[in-house]
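Below is one structure, written out as structure tokens; comments come after it.
Remember, it's 1-based here, ligands and their atoms both numbered in the order they're listed.
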Amino acid sequence: MPTEQSSLPIALTMGEPAGIGPELIVTAASARREAAPFFVYGDPGLLSDRARRIGLDLTIVETDEAGAFAAFARGLPVVPLANPAPDQPGRPDVAGAAAVIESIERAVLSVRRGQARAVVTPPIMKEVLYRAGFSHPGHTEFLGELAHRHWGHDGKPVMMIWSETVAVVPVTIHIPLAEVPAALSEELIFETGLIVAQDLKARFAIMAPRLAVAGLNPHAGENGTLGREDNAVVAPAIARLRAAGIDARGPLPADTMFHARARQGFDVALCMYHDQALAPAKALAFDEAVNVTLGLPFIRTSPDHGTAFDLAGTGEANPSSFLASLALADRMSR
Ligand SMILES: NC(=O)c1ccc[n+]([C@@H]2O[C@H](COP(=O)([O-])OP(=O)(O)OC[C@H]3O[C@@H](n4cnc5c(N)ncnc54)[C@H](O)[C@@H]3O)[C@@H](O)[C@H]2O)c1
Ligand SMILES: N[C@H](C(=O)O)[C@H](O)COP(=O)(O)O
């Protein structure tokens, strides 16, 4: 087993078994000669079946963590799960939820134990997990809980969707739109901006990151006449970020901050809610953008798309964003 950090494998979770995640994993494994070694916490039978369905001749190697690195030369190393994962593409089933959660927990633990150097997560279906009693809105928040459990880390996990074209951060993440104004606070925006600036320096080598901060309301509130939050909450947070030495500006009208010329003026856009951030990122860079969790004591990336049940099992899913998430995890953890 290699001991140097950069020689450790990357740990993959299985993602939603009925989604496109399993076929993206086997597709990446088929092209593995160009990739950093990885293994997956998954169901060997399901992965083998998914490879066969999409016409890939791939060897599945059942292994434990210690054998994963060497097994990568022979095929896809799979560390089997204790919980069952139903193999029914396109038909999510709550019976698979325990396996999905186990896979995430074990991948994070493998990094904590020095068996892997980063975690890459194919998409999960949140609703199925909620129905099974999962209490976290998504991976991002669950990974924050696991960072606390295994590292004693109390920092806030921050979602960034990153691509060469644009990078965005939603300050509030998986909450109903109606709850956004109450959830936004000067402290939350300030804390998020600090984490983003720190991690862009530490993980992306952007030594003086430029943050563009969106307003909440149309036209960033039109000076208080179209909503109070921009002046009362967003602007003071930006002032605090600037006082902390961070190049932050705004509140900017969200509708005009993403055109090509405007994007030249910032490294990352801080947005006030999920779709304000993710809609422009996915419109501009759906096939290559990567979901990166900042503010964690370990590296985690994920594709920017979801489970795409309409494509599961067909072999038609575009693997680009998943391959980009593997490549970025590799780059960030060297
Ligand atoms: N990282 C994650 O865990 C993650 C990310 C986003 C969404 N989700 C979950 O995915 C589920 C479905 O969400 P959705 O329908 O809003 O988004 P989606 O990304 O699954 O699908 C949206 C559209 O994009 C297409 N698409 C998605 N990925 C594609 C790919 N690789 N190649 C080609 N086409 C692709 C789909 O076919 C669909 O038409 C939800 O339960 C959501 O919570 C999970
Ligand atoms: N909000 C993300 C998106 O729409 O792409 C997605 O749900 C993933 O979130 P997590 O990584 O927190 O599961």
Exercise. Measuring from the heavy atoms of His174, does anything fall under 4.0 Å of ligand 2?
Worked result: yes

Exercise. Looking only at protein heavy atoms, which one is nearest to atom 38 (C) of ligand 1, and how far off is it?
Worked result: Asp310 OD2, 3.9 Å

For this session: State whether a side-chain donor-acceptor pair under 3.5 Å links His174 with Glu141.
Result: yes

Seminar exercise, completed: Here the atoms of ligand 1 under 4.0 Å from any heavy atom belonging to Ile20 are 28 (N), 31 (N)

Seminar exercise, completed: Atoms of ligand 2 under 4.0 Å from any heavy atom of Asp304, numbered from 1 in the order shown, are 5 (O)

Problem set entry | Which residue and heavy atom of the protein sit nearest atom 18 (P) of ligand 1, plus the separation | Gly306 N, 3.5 Å

Exercise. Is the closest side-chain donor-acceptor distance between Tyr273 and Glu179 under 3.5 Å?
Worked result: no

Problem set entry | Heavy-atom side-chain proximity of Leu278 to Pro170 below 4.5 angstrom | yes

Exercise. What protein heavy atom is closest to atom 8 (C) of ligand 2, reported as residue, atom name and distance in Å?
Worked result: Asn291 ND2, 3.5 Å

Problem set entry | For atom 5 (O) of ligand 2, closest protein heavy-atom neighbour | Lys282 NZ, 2.8 Å

Seminar exercise, completed: ligand 1 atoms nearer than 4.0 angstrom to some heavy atom of Ala317 are 32 (N)

Problem set entry | Exercise: identify the closest heavy-atom pair between Gly114 and Leu8 | O-CD2, 3.5 Å

Problem set entry | Close side-chain approach of Lys126 and His136, heavy atoms under 4.5 Å | no

For this session: Answer yes or no for Arg300: is there a heavy-atom contact with ligand 2 below 4.0 Å?
Result: yes

For this session: Could you tell me the residue and atom name of the protein heavy atom closest to atom 41 (O) of ligand 1, and the distance to it rounded to 0.1 Å?
Result: Met125 CG, 3.3 Å

For this session: Looking only at protein heavy atoms, identify the closest one to atom 35 (C) of ligand 1 and say how far it is in Å.
Result: Leu311 CD1, 3.8 Å

Exercise. Please state which protein non-hydrogen atom is closest to atom 1 (N) of ligand 2 and give its distance, to 0.1 Å?
Worked result: His274 NE2, 2.7 Å

For this session: Would you please say whether a donor-acceptor pair under 3.5 Å links the side chains of Arg113 and His150?
Result: no

Problem set entry | ligand 1 to Lys282 polar contact by distance, N or O atoms, under 3.5 Å | no

Exercise. Counting heavy atoms only, which part of Phe322 comes closer than 4.0 Å to ligand 1: side chain, backbone, both or neither?
Worked result: neither

Exercise. Got the closest protein heavy atom to atom 11 (C) of ligand 1, with its distance?
Worked result: Thr307 OG1, 3.1 Å

Exercise. Ser321 and Asp287: side-chain donor and acceptor closer than 3.5 Å?
Worked result: no

Problem set entry | Co-membership, hydrophobic cluster, residues Leu143 and Val171, 4.5 Å side-chain | no

Exercise. What atoms in ligand 1 come closer than 4.0 Å to a heavy atom of Pro123?
Worked result: 1 (N), 2 (C), 3 (O), 4 (C), 44 (C)

Seminar exercise, completed: atom 20 (O) of ligand 1: closest protein heavy atom, distance to 0.1 Å, is Ala308 N, 2.9 Å

Problem set entry | Verify same cluster id: Val268, Leu184 (apolar side-chain graph, 4.5 Å) | yes

Problem set entry | Test: Arg240 and Glu186 ion pair at under 4.0 Å | yes

Exercise. Looking only at protein heavy atoms, which one is nearest to atom 7 (O) of ligand 2, and how far off is it?
Worked result: Lys126 NZ, 2.9 Å

Exercise. Are Phe142 and Phe134 close enough that their ring centres sit under 6.0 Å apart?
Worked result: yes

Problem set entry | Atoms of ligand 2, numbered as shown, that sit under 4.0 Å from any heavy atom of Leu278 | 1 (N), 2 (C), 3 (C), 4 (O), 5 (O)

Exercise. Does a side-chain N-to-carboxylate-O contact under 4.0 Å join Asp247 and Arg210?
Worked result: no

For this session: Check each heavy atom of Ile124 against ligand 1 and say whether those closer than 4.0 Å belong to the side chain, the backbone, both or neither.
Result: both

Problem set entry | Heavy-atom protein contact below 4.0 Å for atom 8 (N) of ligand 1 | yes

Exercise. So, for Phe38 and Phe72, is the gap between ring centers shorter than 6.0 Å?
Worked result: yes

Seminar exercise, completed: A student checking ligand 1 against Ser302 at a 4.0 Å heavy-atom cut-off should list atoms 1 (N)

For this session: May I ask you to check whether Asp230 and Asn217 show a side-chain donor-acceptor distance below 3.5 Å?
Result: yes

Exercise. Looking only at protein heavy atoms, which one is nearest to atom 23 (C) of ligand 1, and how far off is it?
Worked result: Phe286 CZ, 4.9 Å

Seminar exercise, completed: One finds that the ligand 1 atoms under 4.0 Å from a non-hydrogen atom of His305 are 4 (C), 5 (C), 6 (C), 19 (O), 27 (C), 28 (N), 31 (N)

For this session: Report yes or no: does a heavy atom of Lys126 sit under 4.0 Å from some atom of ligand 1?
Result: yes

Exercise. What protein heavy atom sits nearest atom 12 (O) of ligand 2, and how far away is it?
Worked result: Thr140 OG1, 2.6 Å

For this session: Under 4.0 Å from a heavy atom of His139: give me the atoms of ligand 1 that qualify, with their elements.
Result: 3 (O)

Exercise. Which atoms of ligand 2 sit under 4.0 Å from any heavy atom of Met159?
Worked result: 1 (N), 2 (C), 9 (O), 12 (O)

Exercise. Heavy atoms of the protein only: does one fall short of 4.0 Å from atom 15 (O) of ligand 1?
Worked result: no

Exercise. Less than 4.5 Å apart, any side-chain heavy atom of Phe190 and any of Ser185?
Worked result: no

For this session: Establish whether atom 5 (C) of ligand 1 and some protein heavy atom are separated by less than 4.0 angstrom.
Result: yes

Exercise. Do Arg149 and Glu105 have side chains that get closer than 4.5 Å, going by heavy atoms?
Worked result: yes

For this session: Heavy-atom contacts with Asn318 under 4.0 Å: which atoms of ligand 1 show up? List them by number with element.
Result: 30 (C), 31 (N), 32 (N), 33 (C)

Exercise. Salt-bridged, Arg117 to Asp330, with N to O below 4.0 Å?
Worked result: yes

For this session: Output, in order, the C-alpha distance, side-chain angles, deciding distance and verdict of salt bridge (Lys or Arg N to Asp or Glu O under 4.0 Å) for Asp87 and Arg50.
Result: CA-CA 9 Å; Asp87 184 10; Arg50 213 57 64 87; 2.9 Å; yes

